[in-house]
Peer 1: 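Here it is: the structure, laid out below.
Reminder, nothing fancy here: chain letters follow the sequence lines and each chain counts from 1.
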Number of protein chains: 2
Amino acid sequence: MSPRHIRHTESGCLAAREVLKLVGDKWSVLVVSLLGEGPLRFTELKRSIEGISQRMLTLTLRGLERDGLVTRTVFPTIPPRVDYALTPLGQTLQEPVRALSAWAETHREEIQAARDRFDGKDAKKRTARGAARQ
Amino acid sequence: MSPRHIRHTESGCLAAREVLKLVGDKWSVLVVSLLGEGPLRFTELKRSIEGISQRMLTLTLRGLERDGLVTRTVFPTIPPRVDYALTPLGQTLQEPVRALSAWAETHREEIQAARDRFDGKDAKKRTARGAARQ
DNA sequence: CTGTATCCACGTCGATACTG
DNA sequence: CAGTATCGACGTGGATACAG
């Protein structure tokens, strides 16, 4: 795994990879997006996302905290209360992410059409070879 | 898996998720970026990326082709020759992706600092509890 | 309430070998 | 040259149970 082959600055591309991976994460972007509208408690996040497990929410938040994108504030009360909020850095991430989401929304139908076309041709090929599956 | 909980339009968020996943993919963005400078053959791509296996390059290209981001042109010669190129749709994707990469580059050091801080505190906590690992 | 720990199913990826 | 097929290792995510 020599990272020498990647164009331009090596560290820049490694950073890009990591951020891209973060963005590709199943929950991170959603959490950041929710916190973009204000701080939330653990349970509030869990309820807002609803498909997420406790484990995954914890892991996601830890990762975001580690990267300096969210802050974790513990109130040592009983029962305990923990607030999560976006850092300034986390807020700046929202802009490029929103740009990407906008792109997705804009080209959603175009992509879907391409997929249908591709899958259609693929099905034809398979049936032509006599092995119609499904 | 009821997709009812996601905010705003359901299809929009599903589309965003899929694009985010595509962007988070280990190779897709790299391939799109390379094709952004002009069409390339299969082997040229393979050599340019170098860390990628034949299998992964094939799968990546099929996925991009399916989504209508790249075209696959076969020249029925011997030996065979296949050119891959970005579609107009694929080209438009480059802009938001570059914005995200720029964000990564800009905040690279900031993120690294946050990680060091976090990992440092984590290590301290662990040693304080008497279980210094590593 | 806010986690942590454990287990397991699943998908993804790489290595390798083979084909047209 | 440009793939496809197969296999095994690995990481990721969900369910569940338990703890502070």
Peer 1: Using a heavy-atom cut-off of 4.0 Å across all strands, would you classify A:Phe75 as base, sugar-phosphate, or nothing?
Peer 2: nothing
Peer 1: Measure from the side-chain heavy atoms of B:Lys26 and tell me the nearest of C:dG14, D:dG14, C:dT2.
Peer 2: C:dG14
Peer 1: Expressed in angstrom and rounded to an integer, what is the separation of A:Leu40 atom CG from C:dC1 atom P?
Peer 2: 15 Å
Peer 1: Starting at CE of B:Met56 and ending at P of C:dG11, how long is that distance when rounded to a whole Å?
Peer 2: 14 Å
Peer 1: Both A:Ile52 and B:Asp83 contact DNA chain D. Which one's nearest nucleotide lies toward the 5' end?
Peer 2: B:Asp83
Peer 1: Treating A:Thr87 as the side-chain partner and A:Thr71 as the backbone partner, does any N or O pair qualify as donor plus acceptor under 3.5 Å?
Peer 2: no
Peer 1: Reading DNA chain C from 5' onward, which residue's closest nucleotide shows up sooner: B:Trp27 or A:Pro79?
Peer 2: A:Pro79
Peer 1: Does C:dC1 have its OP1 or OP2 closer than 4.0 Å to a side-chain nitrogen or oxygen of A:Lys46?
Peer 2: no
Peer 1: Take a 6.0 Å sphere around CD of B:Glu44 and say whether it holds more than 12 heavy atoms from other residues, nucleotides or ligands.
Peer 2: yes
Peer 1: According to the ring pair (Phe, Tyr, Trp, His ring centres under 6.0 Å) rule, which pairs have a member within residues 71-103 of chain B, sequence neighbours left out?
Peer 2: B:Trp103-B:His107
Peer 1: So A:Gln94 and A:Leu86, do their side chains get closer than 4.5 Å, heavy atoms only?
Peer 2: yes
Peer 1: Report the distance from atom CG of B:Leu59 to atom P of C:dT12, rounded to the nearest whole Å.
Peer 2: 10 Å
Peer 1: For the pair made of CD1 in A:Ile49 and C1' in D:dG14, what is the distance, rounded to whole Å?
Peer 2: 15 Å
Peer 1: Can you get from A:Leu20 to B:Met56 by hopping between Ile, Leu, Val, Met, Phe, Trp and Tyr side chains that sit under 4.5 Å apart?
Peer 2: yes
Peer 1: Could you state the CD-C1' distance from A:Glu65 to C:dT2, rounded to the nearest angstrom?
Peer 2: 13 Å
Peer 1: Measure from CZ on B:Arg17 to P on D:dG13 and round the result to the nearest Å.
Peer 2: 11 Å
Peer 1: Could you tell me whether A:Arg17 sits above the aromatic face of B:Trp27, with NZ or CZ closer than 6.0 angstrom to the six-membered ring centre and within 45 degrees of the axis?
Peer 2: yes
Peer 1: Looking at B:Tyr84, I'd like to know whether one of its side-chain N or O atoms comes within less than 4.0 Å of OP1 or OP2 on D:dC1.
Peer 2: no
Peer 1: Five pairs per end, C1' atoms only: what is the angle between the end axes of the helix from C:dC1-D:dG20 to C:dG20-D:dC1, to 10 degrees?
Peer 2: 40°
Peer 1: Membership question, hydrophobic clusters at under 4.5 Å side-chain separation (ILVMFWY): are B:Val29 and B:Leu59 in the same one?
Peer 2: yes
Peer 1: Taking B:Ser28 for the side chain and B:Asp25 for the main chain, is one N or O donor matched with an acceptor at less than 3.5 Å?
Peer 2: no
Peer 1: Is it the case that more than 12 heavy atoms not belonging to A:Gln91 sit under 6.0 Å from its CD atom?
Peer 2: yes
Peer 1: Take the protein atom CG of A:Asp25 and the nucleotide atom C1' of D:dG13, then report the distance between them rounded to whole Å.
Peer 2: 10 Å
Peer 1: Which letter, B, S or -, goes with each nucleotide of nucleotides 4-10 of chain C from 5' to 3', with contact meaning a protein heavy atom under 4.0 Å?
Peer 2: B-B----
Peer 1: For the pair B:Glu65 (side chain) and B:Arg62 (backbone), establish whether a donor and an acceptor sit closer than 3.5 Å, ignoring hydrogens and angles.
Peer 2: no
Peer 1: Can you tell me the distance, in whole Å, between the CD atom of B:Glu50 and the P atom of C:dA15?
Peer 2: 12 Å
Peer 1: Would you say A:Lys21 reaches D:dT12's phosphate, i.e. side-chain N/O to OP1/OP2 under 4.0 Å?
Peer 2: yes
